[in-house]
Structure formats: C-alpha cells, structure tokens
Amino acid sequence: QVQLVESGGGLVQPGGSLRLSCAASGNIFISSRMGWYRQAPGKQRELVATITNNRATNYADSVKGRFTISRDNAKKTVYLQMNSLKPEDTAVYYCNLHLFAADYWGQGTQVTVSS
C-alpha cells in the first residue's frame with residue numbers, strides 16, 4: 001500500500017524560501033505523476049504543481065516563476081522549492097500520487113507566511 005509523508009513546512013517571513021519534501025513508499029512511484037496541492041482555511045483545495053514520470057511539469061499561474069517541483073526517483077521523493085513566498089501562500093500543502101485514475105494523499109504539512 002502506498003504511503004506519502006510530507007515534511008519541511010513551517011513559519012517563514014514574506015519573501016523567504018521553504019523546501020517541502022514528500023517521501024513515498026511502495027513500488028509505483030517511478031511510473032506515477034506526482035503533485036503538490038494546497039488548501040487554505042475556508043477555501044477549496046487547489047493544484048500547485050505536478051510532475052510526470054518523464055519530469056514534465058505544470059504550475060498554477062499563482063506560483064509560476066516562484067515555485068519549482070522536482071523528483072528524485074532513486075529516493076522516491078518529490079520536492080517543492082518555494083521562493084519569494086507571499087502571505088497568500090499560507091495553506092496546508094498536500095503531496096499527491098496519481099496513477100491509473102487512483103489518487104494517494106499525504107497527511108499535509110502547514111506552511112505559514114507571516115511577518
């Protein structure tokens with residue numbers, strides 16, 4: 001059974017940087033599309049970024065140029081490098097694994113951008 005564990009969240013000042021990590025268990029990581037989603041209080045969960053098994057990437061317009069998604073297949077880990085953070089980036093960030101219309105989710109990690 002696939003398990004996803006996020007880490008790296010925390011409190012950061014506006015303009016700062018943070019790097020999130022998501023470590024996957026199981027044997028389907030290599031063939032999977034990975035993604036990061038976020039959910040702020042009172043708002044719907046939204047896509048942040050995705051990366052395919054071939055490392056093609058897709059970003060929400062709100063984070064383009066600031067966030068970078070990457071993956072290390074040897075470590076079965078996906079990363080989200082977040083630069084120039086804004087207060088509106090504050091949310092719980094969730095790691096997602098997608099394969100054959102099936103979705104697996106991590107427990108989430110809190111990111112708070114505040115002065």
Could you list the donor-acceptor pairs under 3.5 angstrom formed between side-chain atoms of residues 108-115 and any protein atom two or more places apart in sequence or on another chain?
residue : atom : partner : partner atom : Å
Thr109  : OG1  : Gly9    : N            : 3.3
Gln110  : NE2  : Ala91   : O            : 3.4
Gln110  : NE2  : Thr112  : OG1          : 3.3

Determine which pairs satisfy disulfide bond (SG atoms under 2.5 Å apart) with at least one residue from residues 28-70, sequence neighbours left out, and list them in order.
none
Not counting sequence neighbours, list each pair that qualifies as a disulfide bond (SG atoms under 2.5 Å apart) and has a residue in residues 25-58.
none
Test salt bridge (Lys or Arg N to Asp or Glu O under 4.0 Å) applied to Arg66 - qualifying residues, sequence neighbours left out:
Asp89
Interatomic distance, CD@Glu46 vs CD@Gln39, rounded to 0.5 Å, equals 9.5 Å
Starting from Val5 and following side-chain heavy-atom contacts under 4.5 Å between hydrophobic residues (I, L, V, M, F, W, Y), which residues can be reached?
none
Determine whether Arg45 and Asn96 make a side-chain contact, defined as any pair of heavy atoms from C-beta on separated by less than 4.5 Å.
no
Does any pair with a residue in residues 43-115 pass disulfide bond (SG atoms under 2.5 Å apart), and if so which ones, sequence neighbours excluded?
Cys22-Cys95
Checking one residue: Tyr94. Which other hydrophobic residues are in its cluster under the side-chain 4.5 Å linking rule?
Tyr37, Leu47, Val92, Trp105
List, one per line, each side-chain donor-acceptor pair under 3.5 Å for residues 11-21, sequence neighbours excluded.
residue : atom : partner : partner atom : Å
Ser17   : OG   : Asn83   : OD1          : 2.9

For Tyr59, check ring pair (Phe, Tyr, Trp, His ring centres under 6.0 Å) against everything at least two apart and list the hits.
none
I'd like to check the salt bridge (Lys or Arg N to Asp or Glu O under 4.0 Å) partners of Lys64; sequence neighbours left out, ordered by chain and number.
Asp61
Tell me, please, which residues at least two apart from Val2 pass side chain to side chain contact (heavy atoms under 4.5 Å, CB included).
Leu4, Ile28, Leu97, Tyr104
Output side-chain donor-acceptor pairs under 3.5 Å for residues 68-77, partner residues at least two apart or in another chain, one line each.
residue : atom : partner : partner atom : Å
Arg71   : NE   : Asn73   : OD1          : 3.0
Arg71   : NH1  : Ser32   : O            : 2.9
Arg71   : NH1  : Ile51   : O            : 3.3
Arg71   : NH1  : Thr52   : O            : 2.9
Arg71   : NH2  : Phe29   : O            : 2.7
Arg71   : NH2  : Ser32   : O            : 3.2
Asp72   : OD1  : Ala74   : N            : 3.1
Asp72   : OD1  : Lys75   : N            : 3.3
Lys76   : NZ   : Gly26   : O            : 2.6
Thr77   : OG1  : Lys75   : O            : 2.9

